[in-house]
Amino acid sequence: MAHFAKLGKGNKILTVVAVHNNVATTEQAGIDFLNNLYNTRDVWKQTSYNTHGGVHLLGGTPFRKNYAGEGFTYDSTRDAFIPPKPFNSWTLNEDTCDWKAPVTYPTDGKLYKWNEENQTWVVFNG
């Protein structure tokens with residue numbers, strides 16, 4: 001299946017839909033199909049279900065940095081889908097187009113959540 005993200009105001013992703021590969025033989029064919037189906041002239045961008053952080057999870061070619069989701073933004077300069085910023089202190093990693101905390105996530109095997117006020121990782125107790 002090919003997946004397509006519908007862009008709204010400010011290039012915000014409104015929805016993501018799947019189109020069979022027999023129909024979406026190219027990105028434009030998928031866009032044309034969707035606009036004919038919905039009788040619109042919406043802006044759609046193809047997205048890859050298997051791409052996250054600029055890496056294709058199955059070893060293929062990464063596509064637009066991240067799989068799009070509702071609330072993501074399409075950045076035409078980077079040709080990338082960027083998730084919503086989780087916290088004000090986090091910065092965009094230009095290589096992955098994902099957000100990075102100012103403090104590295106601990107690697108001790110425990111689960112943590114981010115505390116924005118203290119800008120620290122706190123053990124998550126469920």
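Basis for what follows: all heavy atoms, side chains included, without hydrogens, waters or symmetry-related copies. Quantities reported herein were computed from a predicted structural model and do not represent experimental measurements.
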Candidate pair T40 and D42, rule side chain to side chain donor-acceptor pair (under 3.5 Å), full reasoning: CA-CA 6 Å; T40 64; D42 292 328; 3.1 Å; yes

Any side-chain heavy-atom pair of V19 and L34 under 4.5 Å: yes

Audit row: F4, I31, side chain to side chain contact (heavy atoms under 4.5 Å, CB included) steps and yes/no: CA-CA 8 Å; F4 290 83; I31 292 167; 4.2 Å; yes

Non-hydrogen side-chain atoms of I13 and T73 separated by less than 4.5 Å: no

Distance-only side-chain donor-acceptor flag, N118 / T120, under 3.5 Å: no

Any T15 side-chain heavy atom under 4.5 Å of E70 side chain: yes

Test item: T26 side-chain N/O and A29 main-chain N/O as donor-acceptor pair under 3.5 Å: yes

Parallel, tilted or perpendicular: ring planes of F81 versus Y74, cut at 30 and 60 degrees: tilted

Contact check, side chains of I82 and C97, non-hydrogen atoms, under 4.5 Å: yes

From CA spacing to verdict: side chain to side chain contact (heavy atoms under 4.5 Å, CB included), F33, W44: CA-CA 11 Å; F33 171 79; W44 298 88; over 6 Å; no

Side chain R64, main chain Q46, donor-acceptor under 3.5 Å: yes

Point-to-point distance, once rounded to the nearest 0.5 Å, from CG of L92 to CG of D98: 8.0 Å

Nearest atoms (heavy-atom pairs only) where A18 meets M1: CB-CB, 4.4 Å

Joint cluster assignment, V122 & F87, ILVMFWY side-chain distance < 4.5 Å: no

Exceeds 12 heavy-atom contacts within 6.0 angstrom, atom CG of N39: no

Polar side chain donor-acceptor pair, N115 to Q119, under 3.5 angstrom: no

Working for side chain to side chain contact (heavy atoms under 4.5 Å, CB included), residues N11 and F72: CA-CA 9 Å; N11 284 343; F72 279 49; over 6 Å; no

Inter-residue atom distance H20.NE2 - T25.OG1, 0.5 Å rounding: 12.0 Å

Sole candidate of W121, W99, Y105 that passes ring pair (Phe, Tyr, Trp, His ring centres under 6.0 Å) when paired with W114: W121

Ring-ring centroid check Y67 H3, cutoff 6.0 Å: yes

Within one Ile-Leu-Val-Met-Phe-Trp-Tyr cluster: V17 and L37, side-chain cutoff 4.5 Å: yes

Whether N66 side chain and G54 backbone form a donor-acceptor pair below 3.5 Å: no

Interatomic spacing from NE2 in H52 to OG1 in T96 - rounded to 0.5 Å: 7.5 Å

Donor-acceptor contact present, side-chain T47 to main-chain A68, <3.5 Å: yes

Residue among E117, E116, K100 satisfying side-chain hydrogen bond (donor to acceptor under 3.5 Å, both in side chains) with S89: E116

Charged N-O contact under 4.0 Å between E27 and K45: no

Main-chain N/O of K12 paired to K9 side chain as donor or acceptor, under 3.5 Å: no

